[in-house]
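These notes are about the structure you will find just below.
Labels below follow one simple rule: chain letters A, B, ... track the order of the sequence lines, proteins then strands, and each chain is numbered from 1.
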Amino acid sequence: MTSHENPGQPMQETSSGVQTAEANKNEKAPQSNGALRTLLSNLMETPRQFRHSMIRHGRPTSDRAASQAVFTNVFLHILPTRIHKYSLRPSATWGLGLISLVLFVLLFVTGVLLMIYYKPSTDQAYDSMKELQYIVPTGRFMRNIHRWAAHGMVACVILHMARAFYTSSYKSPRQFNWVVGMVLFVLTLALSFTGYLLPWDQLAYWAATIGSQIAESPRELTDALHITEWFDIGGFQKHLLLGADHVGQEALIRFYVLHVMVLPLLTTIFLVVHFWRIRKDGGLTRPSSADEVSEGTTLIPSADGAVTVQAGPVTTTVNPNKTYGLMAVVRGKTPLVDRALANTLPTYPHALYAIAAVTMLTVAVMLALGYFYDAPLKELANPAVPENPAKAPWYFLGLQELVSYSAFMGGVGIPAIVVIGLMLVPYLDREREDVGLWFSGPRGKRVTLGTALFTIVVVLSMLTFTVKYGWLRNWYPDIPQIVITFVNPGTVMLVAYVAWSFLITKLTNSTRMGALAVFTCFLISFVILTYFATVHRGPNWEFYWSKSQWPVH
Amino acid sequence: MNADLQESPRFQKPVERRDFLGLAALWSAGVSFFVALLGTLRLPMPSVFPESSSQVKLGPLEKFKGVKMTAFPELRLWVFSDEKGLFALSAVCTHLGCVVGMEEDGGFYCPCHGSRFDAAGKNIAGPAPRPLPYLKLFVSPDGQLVVDRKKEVNRKVRLTV
Ligand code: HEM
Ligand code: FES
């Protein structure tokens, strides 16, 4: 017990006169029933003692206590005790990774609530959605939040990926974390896809049917080579996913298990690795200019190696020979190495308040969306009549456009090339300059802009051409499928992008510029294809300027 | 052995007996783990699919004689008859499995990605990689027309009646 906790203290805090009188009586009768007395005072002190046993540091008013607050808490210690000022700037990350995380947690909470009523059976799934919509208190609200948070998470993860890319955050020592990020990207999409089937409405049923046929689409290739009989990888994948020939009860339960158990668990595991690696890789990236000591800062070294930093009204003393170096950064440049310390702030309160603010804002936006906008629910699934048009969720529509050229290339070939290609980027571009700087400076900005223009021209002209003139089969009805599989608007665009990126690499003599070109091609065509398929594709996947022109049945 | 050689940094010591046993233990642990993993992956792959038999009775044979077209939306197929006999055409798009619809001119279109097929089921536009499959028809002993939804036949085959 520490000295300042004198036994009389709790009694002064009580307001009831009876208790005070009793306590006084206890004090008058010492020794005789000492143990009982101790018991009583222990009981009254229990809340305080419990708090001390749980949190071992005082109020985080001093730098030291603030560091301890972060360092000794299992949940907070994933954060460093001090954080670089630059990393707290909104423009360093736009908080996108954090928002993705908040949405993931929100999805977890609302998802568990939905599970209480959801029944994964083809007879009952749709009814349980109706039940949630119309009977369960707050059921509709929770379902809406779950749906909007899922859309939001996909969007934020893509933007977060773009942020990490454009600030060179994939470079050494962060290569591996970029790969982990790509795995998280795929897991996020898989979570969305499996969740989409669960309501068992028309949209769900036909999206899952198309998805499972995409899994089967390697047959397009094996058929052309006449080897499907011996080597039917497509059929194998589809049967593994559906457990049957068609989307039905088996598929529903499989998607359910993946959606509520396997994929969230995998995502959580990879998130833990992701966050761990951010710390081990030396915190977030920042440009080298961020480590220059700002004006008005004084460093006062003292004999034992400690440094006192005076920046305006803030004074901090740090001793590199003590625990600080260990606590803040484990590897790489520690903020102490040069003058950089001046630019760090204690995580508590600065980073924690920022995190809390972003969390609140994200949740508030989701609550508002869930309150005002209802998640769609179409008619009950009908295996005999497809939705027309049967559109996947927006983030898959770009792929659906590619799939409408060739099932195998659009659904398997090109996505695989893109994912593997992006995973390889950190190993192909190893230039170390300008890490942490958006677009690696003015030259990168020009390359990004030029590539964006190039991509816009390529995508728009390919789309216009295909809509106006069709493609090979319209001209040569007897053309073998294998030709179309390898030569279709999707693969033509891919080849154009790869050629362009090689050209940029050669012209600028820089792999980073080539990488910027590749990624910009990917991002811009993703956006345009998604927009095009969402707005301009109507019934029979035909082109319409707007939805108002769709024929009425 | 030459002492100089052994001291050079490139020198690789031969695997010692202890190391060998250790490595063997590690490898066998790895292999057994991998095999166990394969075993767990075997379960989700069913050996029998839940769908009922692929052969379905469509009705008495007489019903189809001379009837140009009979639709079976639940089974996703049509039965047609022409001068030479009966044939069944699958309505499942060979692209990604949507159900195709019939157009006025007798051709077919797919609502999902706009594949088109002519009246004989040949793919003429869009992403569908193959023509619509012709399905095997036969007559059961009790005089019913039966279709096998998993048996594709040549497009020239007709069930003569
Ligand atoms: C489940 C989805 C994901 C979540 C919840 C997530 C979360 C986070 C968080 C909280 C950070 C800290 C910085 C920030 O807020 O931006 C971060 C950093 C990072 N993330 Fe992610 N992330 C996800 C997916 C991805 C993806 C798809 C990629 C890219 C392929 C990626 C690559 C990175 C990299 C390279 C960093 C380090 C950035 C730096 O050092 O500046 N992450 N992530
Ligand atoms: S499923 Fe028929 S065109 Fe795609």
Heavy-atom distances under 4.5 Å only: say whether A:Gln400 touches chain B with side chain, backbone, both or neither. both

Of the listed residues (A:Lys391, A:His246, A:Glu220), which shares the most heavy-atom pairs with chain B below a 4.5 Å separation? A:His246

Heavy-atom count check: over 12 atoms from other residues, nucleotides or ligands less than 6.0 Å from B:Lys136 NZ? no

What orientation do A:Trp471 and A:Trp475 show, parallel under 30°, tilted 30 to 60°, or perpendicular over 60°? tilted

Side chain, backbone, both or neither: which part of A:Phe236 has an atom under 4.5 Å from a heavy atom of chain B? both

B:Cys110, part contacting chain A, at a heavy-atom distance under 4.5 Å: backbone

Under 4.5 Å from any heavy atom of chain B, what part of A:Tyr476 do you find: side chain, backbone, both or neither? neither

Looking only at A:Ser406, A:Gly243, A:Ser217, A:Gly211, most heavy-atom pairs under 4.5 Å shared with chain B are made by A:Gly243

Walk me through whether A:Leu197 and A:Leu252 qualify under side chain to side chain contact (heavy atoms under 4.5 Å, CB included). CA-CA 7 Å; A:Leu197 177 66; A:Leu252 181 57; 4.3 Å; yes

Chain B interface, residue from A:Trp206, A:Phe408, A:Tyr405 that has the most non-hydrogen pairs under 4.5 Å: A:Trp206

So does A:Lys378 have more than 12 non-hydrogen atoms from other groups sitting under 6.0 Å from NZ? no

Side chain, backbone, both or neither: which part of A:Asp223 has a heavy atom under 4.5 Å from chain B? side chain

Counting only heavy atoms not in A:Phe465 (residues, nucleotides, ligands), do more than 12 fall under 6.0 Å from its CZ? yes

Honestly, the part of A:Arg254 sitting under 4.5 Å from a heavy atom of chain B is side chain

Heavy atoms only, distances under 4.5 angstrom: which of B:Val48, B:Leu75, B:Val100, B:Val99 has the most pairs with chain A? Name it, please. B:Val99

Over 12 foreign heavy atoms within 6.0 Å of CZ, B:Phe138: yes

Using non-hydrogen atoms and a 4.5 Å limit, figure out which bit of A:Leu240 sits close to chain B: side chain, backbone, both or neither. both

Using non-hydrogen atoms and a 4.5 Å limit, figure out which bit of B:Ala128 sits close to chain A: side chain, backbone, both or neither. backbone

Are B:Ser115 and B:Tyr109 close enough that a side-chain donor and a side-chain acceptor fall under 3.5 Å? no

As an exercise: rank A:Ala407, A:Gly248, A:Gly410 by heavy-atom pairs under 4.5 Å with chain B and give me the winner. A:Ala407

Per the ring-ring contact (aromatic ring centres under 6.0 Å, His included) rule, which among B:Trp78, B:Phe80, B:Phe64 passes with B:Phe87? B:Phe80

Counting the benzene-type ring for Trp, do A:His239 and B:Phe49 have ring centres under 6.0 Å apart? yes

